[in-house]
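No hydrogens, no waters, no symmetry mates; every other heavy atom, side chains included, goes into these values. Below, read A as the first sequence line, B as the second, and so on, with proteins coming before strands; counting in each chain starts at 1.
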Amino acid sequence: MESLRKDLSSIFGDERLTDDVYERILYSHDLAPVPPEALMLFKTLPEAIVRPKETTEILELVEYSRKKKIPLIPRGAATWAYGGATPVKGGIVLDLTGMNKIIAIDKERMTVTVEAGISWKRLLEELEKEGFTLSVYPTSAPSATVGGWICTGGLGVGSLKYGHLKEHVKELEVVTPTGEITSVSRQTSQETDYKLDWFFGSEGTLGVITKATLRIRTKPEEVSPHAVCFDEAKQMHNAILRTLKAPVKPYFIQFADGDYLDIKRSLNFFAPEADANAIFVFEGTKKSVEREKEHLHKVIKETDGTELDPEKANKEWEERFYPMRIKRAGPTLLAGDALVPLTKLYGIFNELWQLKEKLGLIMGIEGSVVSEDSAIIRPMFLADERKRLKFLTMMPAIMEITELALKEGGKPYGGFGIWNSFYLHKVYNNSEIIEMRQRKKKLDPNNKMNPGKLYGVKTRFGLPFTWTLYRFLMLLLRTLKVFN
Amino acid sequence: MKLQELKKHGVEKEIYVCDQCGFCHEVCPIYNEIGWESASPRGKIYWLKQLYRDGPAPMIEIDSNFADRLFQCTLCGHCMEVCQTTIDILELWKAVRAEIHRLGRWPAVLRDFESSLKNRKNVYNRPTEEMNLWAMDIEETIIPRLGKKAKVAYFVGCCSSLMGRLAGIPLSTVKIMNQARIDFTVLGPEEWCCGNPLLLSGSSPMVEEVVRHNVMKVRELGVETLIATCAGCYRSWKQEYPKLFGEDLGFEVIHACEFLAKLIDEDKLKFHGFDGVVTYHDPCEIGRHCNIYEEPRKVLENIPRMKFIELPKTKKDCRCCGGGGILKATHPELALRIAHKKIDEIREVDANIIASACPACKLNIGDAIKEREANLEMLDITEIVASALSDTL
């Protein structure tokens, strides 16, 4: 330990390096409320944490880790819930949030180049000062980092109109596991070993992303949110499908079921009294927004919706970053995010409500439309981790929610990390997985870049964390219910 | 039992309510200086969860290292504005600081404050008579007012009373009162420290005695309105005193900003004007904590010849100057570093004067201006108003 400290301090000094246990426990988790019992399966406590300021420091660190065979775990704001930034074999955590500068705004090429640790919200604010904005950003923007979202989700606010984050990233600077600083873009993808697309959803396993060049656009003339309530979720589903038939797609559609609204209202947050609520956001020139509004008003009429006043619509639009408000009622919140076919939205709502009844959960559904044929749904149910046994018995409900979404043609959204790693086979076929694993092996032959994630997770005792083991554990937990 | 103060303050559930979303990071002045998770609200809350929950024994304890980090906070409350689950983080910190006090792990400087308040009724360990020090040059005006019955009382506060650098605030306030022909009283040596430094630190048995004394003294003088120029005194009188005293105080408590806005409404001030470009920094304790945002702006906008411009981040989004939450006493260097960031922000607008309405802001921002020899002047709102007044009525 002492020698690790000494070696690292030659790169980072003493200010940006720590092996203090008070700090290490804070870097051994992300926002998932994982029961301490489950954490014991892994070595989640890192040996040290460093806060790089320069790409060259990361390069030196990678060299050091290669020599000493110590795992490196790149970390953004740790706002994910699947354990992507949680060590599973100890190692050194790289807290990248200190690399948060805007390097350049190129008004001709319409791009911005940033260090990967900047938060999306700050980037948006800085761009807006100059009259620009981004096309897509995550709902966790107030804290989530650019690098973090590249490595994980990539679908969020704006995706409905502008697509996946992939389409907006032009270039990345990456420190590779073999110790090079390399630029990766669509152009260089032809010539080098690296393809830009590999880094989306790579969960920090292929290198440390240090810089990103993103497409920017001029701030739209108008942004116009519209909140609409429905007596039945079925009408809301209809309204969403019909809205998408307009020539121009809305910028953003976020929806919630009545249960979600009820829980939110019970906590004194604003939420309309309705069985379902959706917010439709249009943006562009005043003229095009006007046309979109007209179309929406027609749809509202056809589907018996009720539009709320603009002040409430604005409030809901501002609340897009705050889907977890209802956690206060828990105090623990468990969720099973899934990407589902949009045509099946109402059917899935129905099945989730049945599941909720069956398991006796207090659950609300929230989500957003991310393309013309898919939506992310986030069924969230209340739990209380203070009641430890009961809390454990509620874990299988997450599995049931995800299985329900899989059955309807959905897939787990966001990625794999530790806690979703057993779904890899449900999302990719065997040859794809083999290709991913070969790529990892080629680029990171020593398997030191965020090891033990994504491609297959092993617990402390060498036991692979597979779908079968997961199911077995979950069924076991379910039987605990008898003792409850 | 672990962390019993959390239960006493009714905040033990809050540590589980935290979503660990990290929205607090971007706005936290301490986290932005230090950069480690432990400097942020979410990091500290995670520690508390480790200490409080059942299950595996925690790897940490409430030792001096822990105490040190828990006092690295200006209690600016900016985190509460962005908190996903609206946690009353300030109340949580006060509860934890109380726990630290109970375990005898308070930072040394606070123990000094406590004994000074006990022995000398102010936190600077200065003789009680010196509470008149600020009025040295206007004794003839102030001495007759000491302990005199009046409808308006001015609660000067110990910072402004005892620190020469801050005397401009009470001197300006007196000048304003005189021009508006307001009959007022001051408590002088009978004015005990409001107790805020200890209230912010988790409190102490001493505070209740202080509250009782101050309230009784003001009541004895038949006061209807108590005016405070200090944001900390105001907040404790307004929010904490009624709770600690156990009943309605029997008089109104207002901050100088509210008082000045009222005088302007009633047309009681005659200005000749003020030359300068002024911007305003919202003190946390009257801004985010008490919602006094419009009054200071009303005052500044009504001064002839003066140009008033807003900072990039204002009102509930205003960045703390670093001088609050007792940080200036426990971690002076950190407080100063935060003030330097504030100056960088002020530099983004074209102002030559930064106004505020709190002696702690004046001290801390003033220190940073001095250290970097910035071409910027830090003035309290009362000082700006006083120097804008006509000399003739």
If you count heavy-atom pairs under 4.5 Å with chain B, which of [options] comes out on top?
options                     : answer
A:Thr332, A:Leu26, A:Asp95  : A:Leu26
A:Arg122, A:Arg16, A:Arg386 : A:Arg386
A:Met40, A:Glu15, A:Arg388  : A:Arg388

Can you find a side-chain donor-acceptor pair between [X] and [Y] that sits under 3.5 Å?
X        : Y        : result
A:Tyr322 : B:Asp19  : no
B:His78  : B:Arg319 : no
B:Glu5   : B:His101 : no
B:His9   : B:Lys94  : no
B:Tyr31  : A:Thr97  : yes
A:Gln254 : A:Glu319 : no
B:His281 : B:Ser356 : no

If you count heavy-atom pairs within less than 4.5 Å of chain A, which of [options] leads?
options                            : value
B:Pro58, B:Cys18, B:Cys24          : B:Cys18
B:Asp63, B:Ile15, B:Ile87          : B:Asp63
B:Asp54, B:Ile60, B:Asn65, B:Asn32 : B:Ile60

Quickly, which of B:Arg372, B:Lys328, B:His340 forms a side-chain hydrogen bond (donor to acceptor under 3.5 Å, both in side chains) with B:Asp367? Name it, please.
B:Lys328
What part of [X] lies closer than 4.5 angstrom to a heavy atom of chain B: side chain, backbone, both or neither?
X        : result
A:Asn100 : neither
A:Pro323 : both
A:Ala78  : both
A:Ile49  : both
A:Lys121 : neither
A:Phe269 : side chain

Can you check whether A:Tyr260 reaches A:Met380 side chain to side chain, under 4.5 Å on heavy atoms?
yes
Which atom names give the shortest non-hydrogen contact between A:Ala48 and A:Leu17, and what distance separates them?
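Taking every non-hydrogen atom into account, CB-CD1, 4.4 Å.
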With a 6.0 Å cut-off on the ring centroids, do B:Phe71 and B:His331 count as close?
no
Who are the side-chain contact (heavy atoms from CB on, under 4.5 Å) partners of A:Ala85, not counting sequence neighbours?
A:Arg75
Report which part of [X] has an atom under 4.5 Å of a heavy atom belonging to chain A: side chain, backbone, both, or neither.
X       : value
B:Glu61 : both
B:Gln84 : both
B:Val82 : both

In terms of side-chain geometry, is the basic nitrogen of A:Lys129 or A:Glu126 positioned less than 4.0 Å from the acidic oxygen of its partner?
yes
Part of residues 138-151 of chain A lying next to chain B, heavy-atom separation under 4.5 Å
A:Thr139, A:Ser140, A:Pro142, A:Ser143
